Amino acid sequence: MRPAGVVTRGVAAVVDLAVVAVLMGSVYVGAVFVQLLFDPQSLSFRSPAVLMSVTLFVCIAIGYLTLCWATTGRTVGATMMGVRLISRRHGLLRWPAAALRAFLCVVFGFGLLWVAVDRRRRSLQDIVLRTSVVYDWQPNTGMVDPHTATGQ
């Protein structure tokens, strides 16, 4: 399996950022609809508070990345770019590892830039958690689910 480079991973990250933005917009629109449902007279489109927006972004991004990596190893951006996140045993990440990696990627996004200088194309998050992002255009080839694998 060939490791993905910085351009491929960067494009995937931008797509995933757009997905998180759409999810955030959905939450905002949902909040407006709830307000409309319970108090239509006071309906207003207020600007969301910065702290609340940043907190919501971080929570949605971590949740989105964790869910995708723990269940399929792919985010929407990774699927579009034909890459997959794998553990050191070439399987899916367990939920705690996926959550930790998601946290590190959201809080320390600049760690992706290390892919450009690392000989093995690893981000700082990959080095810390011993994961890899590899080219994989096939839906589920060669994946070992660590939750169901026995004797490995």
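As the structure is a computational prediction, the values presented were derived from the model and not from experiment.
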Asks: With respect to Val20, which candidate in Ile60, Leu65, Val106 satisfies the side-chain contact (heavy atoms from CB on, under 4.5 Å) definition?
Replies: Ile60
Asks: Quick one: do Val22 and Met24 end up in the same hydrophobic cluster if we chain Ile, Leu, Val, Met, Phe, Trp and Tyr together by side-chain heavy atoms under 4.5 Å apart?
Replies: no
Asks: Find out whether Ser42 and Gln35 are in side-chain contact, i.e. whether some heavy atom of one side chain is under 4.5 Å from a heavy atom of the other.
Replies: yes
Asks: Nearest 0.5 Å, what's the CZ-CG distance between Arg9 and Asp126?
Replies: 4.5 Å
Asks: Where the side chain of Gln125 meets the backbone of Phe108, is there a donor-acceptor pair that is under 3.5 Å apart?
Replies: yes
Asks: Same cluster or not: are Val117 and Val128 linked, directly or through other Ile, Leu, Val, Met, Phe, Trp or Tyr residues, by side-chain heavy atoms under 4.5 angstrom apart?
Replies: yes
Asks: Report yes if the side chains of Thr79 and Thr72 come closer than 4.5 Å at any heavy-atom pair, otherwise no.
Replies: no
Asks: When clusters are formed by joining ILVMFWY residues with side-chain heavy atoms under 4.5 Å apart, either directly or through shared neighbours, do Leu129 and Phe110 land in the same one?
Replies: yes
Asks: Kindly compute the distance separating CZ (Arg84) from NE2 (His90), expressed to the nearest 0.5 Å.
Replies: 13.0 Å
Asks: When clusters are formed by joining ILVMFWY residues with side-chain heavy atoms under 4.5 Å apart, either directly or through shared neighbours, do Val11 and Val14 land in the same one?
Replies: no
Asks: Give the intermediate values and the outcome of side chain to side chain contact (heavy atoms under 4.5 Å, CB included) for residues Trp95 and Leu100.
Replies: CA-CA 9 Å; Trp95 286 93; Leu100 178 58; over 6 Å; no
Asks: Between Trp69 and Cys105, which heavy-atom pair has the shortest distance, and what is it?
Replies: CH2-SG, 3.8 Å
Asks: Start with the C-alpha distance between Val133 and Met81, add both sets of side-chain angles, then the distance that settles side chain to side chain contact (heavy atoms under 4.5 Å, CB included), and finish with yes or no.
Replies: CA-CA 11 Å; Val133 176; Met81 298 307 295; over 6 Å; no
Asks: Look at atom OH of Tyr28 and say whether more than 12 heavy atoms of other residues, nucleotides or ligands are closer to it than 6.0 Å.
Replies: yes
Asks: Heavy atoms only: give me the nearest Tyr135-Ala4 pair and the separation to one decimal.
Replies: CE1-CA, 3.4 Å
Asks: Answer yes or no: is there a donor N or O on one side and an acceptor on the other, between the side chain of Arg121 and the main chain of Val134, under 3.5 Å?
Replies: no
Asks: Give the minimum heavy-atom separation between Ile62 and Ala99, together with the two atoms involved.
Replies: CG2-O, 4.5 Å
Asks: Take atom CZ of Phe103 as the centre, draw a 6.0 Å sphere, and report whether it contains more than 12 heavy atoms from other residues, nucleotides or ligands.
Replies: no
Asks: Once you round to the nearest 0.5 Å, how far does OH of Tyr64 lie from CG of Leu17?
Replies: 10.0 Å
Asks: Which atoms form the tightest heavy-atom contact between Ala13 and Leu112, and what is the distance?
Replies: CB-CD2, 4.3 Å
Asks: What pair of heavy atoms forms the shortest contact from Arg74 to Asp136, and how long is it?
Replies: NH2-O, 2.6 Å
Asks: Not counting sequence neighbours, which residues clear side-chain contact (heavy atoms from CB on, under 4.5 Å) with Val15? List them please.
Replies: Val76, Met80
Asks: Using side-chain heavy atoms (C-beta onward) and a distance below 4.5 Å, is Thr75 in contact with Val19?
Replies: no
Asks: Taking all non-hydrogen atoms of both residues, which atom of Thr71 and which atom of Leu92 are closest, and how far apart?
Replies: O-CD1, 3.5 Å
